[in-house]
Amino acid sequence: MTIYFVAGEVSADNHGAALMRSLRMLDPELKFIGRGGPQMQEVAGAQFKNWIGDAAVLGLWEVLRKYVYFREQFRQALNEIRESKPDAVVLIDYPGFNLRLARALRKQSRSRKTIYYISPQVWAWNRGRIKKMARFIDLVLCIFPFETDVYAASGLRAVFVGHPMIERLETQKIDTHRGQNLIGLFPGSRSREVRKIFPVMIEAARRLLQLNPTLRFQVAAVSEELADEMRKMVAPHLNPLRSARGEANVEAEPNESSYQTSDSSTGKAKMQVAPNELSHQTPLPLSRREGRVGVPKDRFYTRLKSQSARLRPSCSAPS
């Protein structure tokens, strides 16, 4: 049996690799193809394409700048699926690309199963879109318990499989108290994002040190390459800042508080009840206007925290 995966973000690469490993436990003969990041490639093999470095973009303007690239990748993905004839296609998050791909795949073949894992939060910003999704998606693997009822009401089959973040939080929990006066910095997983936001964080850390010289800072990087880039950006006089490779869920727990960009680390900090300051920067006013559409972050994360106790770890496929 062959499954084609598509993931376009670092977090989706993490979740996709965990899903692959769980599926391999059920059936060691499964073959994985498609495109994602280094972790998924490590599980699937060399034939799996690592495109995360180019695919992970921030904001509408960056998507427009790389329109030709994404159009070509879209065409290649369709051709790869047509030629390989996988038994199923699993799309992970990345709605701008994956929802369009799902629609095109349904036109290509009505018999092939299309599964969406970590679906776009349309229940927050456009519930009317769910009925359209039901036309070209066969199954949604939900990471929040309340999502199943929302999708089912629109005729889209959905199964709650647990939140992969919770699974990693349980296995990587650091059994220690929060570090006194230790502040975690989480500037994001994309190189372009880090170049824009990390200097702002460094300046904020410098000013905080002037007010309280006992403060210490630690920054997390998703890769050694990104860690090297951030080390070069750190001012020489900012001695209390240490860099550490690893995901936010590994580094956030001992911190007394955190300062982070808006990404999956925000949810991790909220689940751990870590006091945090949220920051984000967009390249153009166009993206800023785009960002105003949706629900207030406080309302979303209040709901997220209330659900967190029910987010049982599971990456297994539904029976």
Side-chain angles (χ1 to χ4, degrees), residues 4-9 11-12 15-16 19 34-36 55-64 66-67 70-71 73-75 77-78 81 88-164 262-264 266-267 280 282 286-304 307 311 318:
Y4 189 100
F5 283 82
V6 180
E9 300 276 359
S11 60
H15 303 328
L19 177 59
R35 54 189 61 221
V57 294
L58 177 65
L60 179 60
W61 173 244
E62 292 190 30
V63 173
L64 294 175
K66 301 186 73 171
Y67 172 75
F70 284 114
R71 184 178 61 182
Q73 295 303 310
F74 189 89
R75 185 190 66 80
L78 278 176
I81 295 170
V89 176
V90 176
L91 309 174
I92 306 176
D93 204 356
Y94 208 51
F97 187 93
N98 279 338
L99 285 179
R100 289 176 174 83
L101 183 62
R103 188 183 300 110
L105 289 174
R106 183 47 47 94
K107 294 178 181 179
Q108 187 183 95
S109 172
R110 301 195 65 84
S111 61
R112 185 186 299 111
K113 299 300 181 184
T114 300
I115 302 168
Y116 215 115
Y117 179 43
I118 310 181
S119 69
Q121 293 163 358
V122 289
W123 41 265
W125 47 267
N126 190 355
R127 286 202 178 196
R129 198 170 187 177
I130 299 177
K131 290 185 178 180
K132 296 180 180 179
M133 291 170 57
R135 300 172 188 167
F136 47 82
I137 294 174
D138 298 290
L139 174 66
V140 176
L141 303 181
C142 300
I143 62 175
F144 296 118
F146 61 84
E147 289 181 318
T148 54
D149 293 336
V150 175
Y151 286 116
S154 297
L156 179 53
R157 186 187 173 207
V159 178
F160 171 60
V161 296
H163 202 301
S262 175
D263 62 5
S264 59
T266 310
H280 210 56
T282 54
L286 177 64
S287 294
R288 297 191 186 103
R289 287 195 296 270
E290 176 194 11
R292 294 194 187 105
V293 180
V295 297
K297 287 286 192 300
D298 289 343
R299 190 197 313 170
F300 169 72
Y301 283 115
T302 298
R303 188 172 189 181
L304 173 60
Q307 295 284 346
L311 305 183

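Here Arg100 pairs with nothing under the salt bridge (charged side-chain N to carboxylate O under 4.0 Å, His left out) rule; sequence neighbours left out. Not a single side-chain contact (heavy atoms from CB on, under 4.5 Å) links Ala153 to another residue, sequence neighbours left out. Taking the salt bridge (charged side-chain N to carboxylate O under 4.0 Å, His left out) definition, one finds that Arg35 meets it with Glu80, sequence neighbours left out. A search for side-chain hydrogen bond (donor to acceptor under 3.5 Å, both in side chains) contacts involving Tyr151 returns Ser119, not counting sequence neighbours.
Among residue pairs with one or both ends in residues 110-120, none qualify as salt bridge (charged side-chain N to carboxylate O under 4.0 Å, His left out); sequence neighbours excluded.
Listed for the Asp93 side chain is no donor-acceptor partner under 3.5 Å among the backbone atoms of Ala12.
In this structure, Leu91 and Leu101 have side chains that are in contact, with non-hydrogen atoms separated by less than 4.5 Å. Counting heavy atoms from C-beta outward, Val161 and Tyr117 have side chains that approach closer than 4.5 Å. Here the side chains of Tyr116 and Cys142 are not in contact, with every heavy-atom distance at 4.5 Å or above. With contacts defined as side-chain heavy-atom distances shorter than 4.5 Å, the pair Pro120/Leu99 qualifies. Looking at Val6 and Ile92, their side chains never come closer than 4.5 Å, going by heavy atoms from C-beta outward.
To the nearest 0.5 Å, atom CD1 of residue Ile118 and atom CD1 of residue Ile143 are 5.0 Å apart. The CD atom of Gln108 sits 14.5 Å away from the CZ atom of Arg103 when rounded to the nearest 0.5 Å. The distance from the CZ atom of Phe160 to the OG1 atom of Thr148 is 8.5 Å, given to the nearest 0.5 Å. Between atom CD1 of residue Ile115 and atom CZ of residue Phe5 there is a gap of 8.5 Å, rounded to the nearest 0.5 Å.
Taking the six-membered ring for Trp and thresholds of 30 and 60 degrees, Phe70 and Tyr94 have ring planes inclined between 30 and 60 degrees apart.
Here the closest heavy-atom approach between residue Ala104 and residue Phe74 is recorded as CB-CZ, 3.9 Å.
Within 6.0 Å of the NZ atom in Lys66, the count of heavy atoms belonging to other residues, nucleotides or ligands exceeds 12.
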In a table with atom names and distances, give each donor-acceptor pair under 3.5 Å that connects a side chain of residues 134-141 to protein atoms at least two apart or in another chain.
{"from": "Asp138", "atom 1": "OD1", "to": "Arg106", "atom 2": "NH2", "distance (Å)": "3.2"}
{"from": "Asp138", "atom 1": "OD2", "to": "Arg106", "atom 2": "NH2", "distance (Å)": "2.7"}
{"from": "Asp138", "atom 1": "OD2", "to": "Thr114", "atom 2": "N", "distance (Å)": "2.7"}

